[in-house]
Protein chains: 2
Amino acid sequence: MAEKQLTLNLDVRSGLPIYTQIVNQIQSQLVNGILKPGDQLPTVRALAQELRVNFNTVARAYRILDEERIISTQQGRGTYITEIPPPEVSAKLRYESLAALTQRFINEAYRLGFSGREVSQMVRDNLKSMKDAAVNDSE
Amino acid sequence: MAEKQLTLNLDVRSGLPIYTQIVNQIQSQLVNGILKPGDQLPTVRALAQELRVNFNTVARAYRILDEERIISTQQGRGTYITEIPPPEVSAKLRYESLAALTQRFINEAYRLGFSGREVSQMVRDNLKSMKDAAVNDSE
DNA sequence: CCTTTTATTGTACTAATTGTATCATTGTAA
DNA sequence: TTACAATGATACAATTAGTACAATAAAAGG
């Protein structure tokens with residue numbers, strides 16, 4: 001078994017760039033367990049052909065996911081879902097980096113017109129579903 | 001097949017601004033079924049050339065239609081007729097866009113090694129401080 | 001086996017296409 | 001004339017596409 005089919009649904013009318021849609025859907029499939037750590041993703045060219053987009057558009061999505069450490073792209077080899085989220089961040093910077101990250105997230109949500117109530121509700125739901133998924137994994 | 005011909009008839013004697021005529025006629029063609037959700041409109045430059053007007057005039061019309069949610073303009077990509085979704089559908093899209101944003105935020109926080117507790121605490125603090133600032137602003 | 005060649009895969013850089021922002025110009029009405 | 005709305009000119013930013021390249025793996029040849 002090489003790689004999965006990875007069916008993605010692009011929508012030109014969504015207003016979101018194609019590369020963003022690819023990023024979001026791969027992340028979503030990982031959270032939902034459709035994709036699992038170690039899975040090989042299609043090559044940039046294969047996925048591009050399937051989605052009928054330029055392979056650089058897929059490469060851009062993969063690069064974003066790679067920077068988020070969600071996948072690992074390896075020139076000449078392929079692209080895989082990351083096995084373990086590793087990184088060691090110095091303790092002093094932890095708080096600041098989370099604060100900055102949160103600030104960016106909330107600003108973006110506000111820009112999209114969401115209220116604080118909606119944001120906090122969504123954070124709660126999302127954290128809960130991740131915890132549930134983790135429990136299921138350990139069975 | 002990329003985009004339709006989109007024949008518009010401008011009338012200088014009508015007294016209506018060009019951009020208004022463009023807006024009206026596109027709206028009319030959508031109502032009459034000549035244009036359908038998902039259709040790609042000509043680029044601002046292409047339509048401008050055809051109508052022999054400045055492309056900013058077309059862009060202005062597109063912007064108005066975009067604000068009315070009739071079309072979706074996407075820099076670097078083009079312009080499309082949007083669905084005219086029933087409220088529950090648009091609510092669903094809204095929900096999903098916040099969900100995707102939140103998922104990315106939480107994934108990133110996890111990647112940096114933060115726990116769910118830390119994340120939700122930080123979100124709470126951040127939302128609270130924004131509210132405090134808003135109160136101060138309104139004085 | 002070991003080396004060389006070829007194919008496959010991601011990367012880097014650049015170009016082309018598209019909408020956006022800002023300001024200048026024009027025309028018309030008060 | 002003056003004020004304002006409409007349109008035009010110019011520069012910019014975002015997205016996607018095109019081309020050439022580098023790293024790795026697989027195949028071929030000895």
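Proteins come first, then strands; the chains are lettered A, B, ... in the order of their sequence lines, and each starts at number 1.
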Hydrogens and angles aside, do B/S72 and B/Q74 bring a side-chain donor and acceptor to less than 3.5 Å of each other?
yes
For A/L16 and D/dT16, give me the distance from atom CG to atom C1', rounded to whole Å.
16 Å
Sequence neighbours excluded, which residues qualify as salt bridge (charged side-chain N to carboxylate O under 4.0 Å, His left out) partners of B/R104?
A/E68
For C/dT11, does OP1 or OP2 lie under 4.0 Å from any side-chain N or O of A/T73?
yes
Contact list for DNA chain D against residues 56-66 of chain B - heavy-atom distance below 4.0 Å:
B/N56, B/T57, B/R60
A/N126 and B/T102: side chain donor to acceptor below 3.5 Å
no
Measure across B/I34 and B/D39 and return the closest heavy-atom pair with its distance rounded to 0.1 Å.
O-OD2, 4.2 Å
Give a yes/no answer on whether the side chain of B/R77 brings an N or O atom under 4.0 Å of OP1 or OP2 in D/dT15.
no
Rounding to a whole Å, what distance do you find between B/I18:CD1 and D/dT7:P?
4 Å
Give the rounded distance in Å between these two atoms: CD of B/Q40 and P of D/dT16.
12 Å
Have B/Q103 and B/N107 got a donor and an acceptor in their side chains that come within less than 3.5 Å?
no
Rounded to whole Å, please give me the gap between CG in A/L10 and P in D/dT15.
15 Å
What's the shortest heavy-atom distance between B/T7 and B/Q29, and which atoms?
O-NE2, 3.1 Å
Interatomic distance, B/F55 CZ vs C/dT20 P [rounded to whole Å]:
11 Å
Return the 5'-most residue of the pair A/Q74, A/T20 with respect to DNA chain D, ranking by each residue's nearest nucleotide.
A/T20
A/Q49, CD atom: more than 12 neighbouring heavy atoms under 6.0 Å:
no
Each nucleotide in nucleotides 23-30 of chain C should get exactly one letter: B, S or -. Can you fill that in based on protein heavy atoms under 4.0 Å?
--------
Between C1' on C/dA21 and CG on B/N54, what's the gap in Å once rounded to a whole number?
13 Å
With a 4.0 Å cutoff (strictly under), does any side-chain N or O of B/T79 reach OP1 or OP2 of C/dG19?
yes
Could you give the CD-to-C1' distance, from B/Q21 to D/dT7, as a whole number of Å?
13 Å
B/Q75 has an atom CD; how far is it from atom P of C/dT18, in whole Å?
13 Å
Any B/Y19 side-chain nitrogen or oxygen under 4.0 Å from OP1 or OP2 of D/dA6
yes
Could you check whether the side chain of A/R45 and the base of C/dG10 have a donor-acceptor pair of N or O atoms closer than 3.5 Å, going by distance alone?
yes
Considering all heavy atoms, the nearest B/E118-B/S115 contact
OE1-N, 2.8 Å
If you take all heavy atoms of A/A48 and A/F55, which pair is closest and at what distance?
CB-CA, 3.4 Å
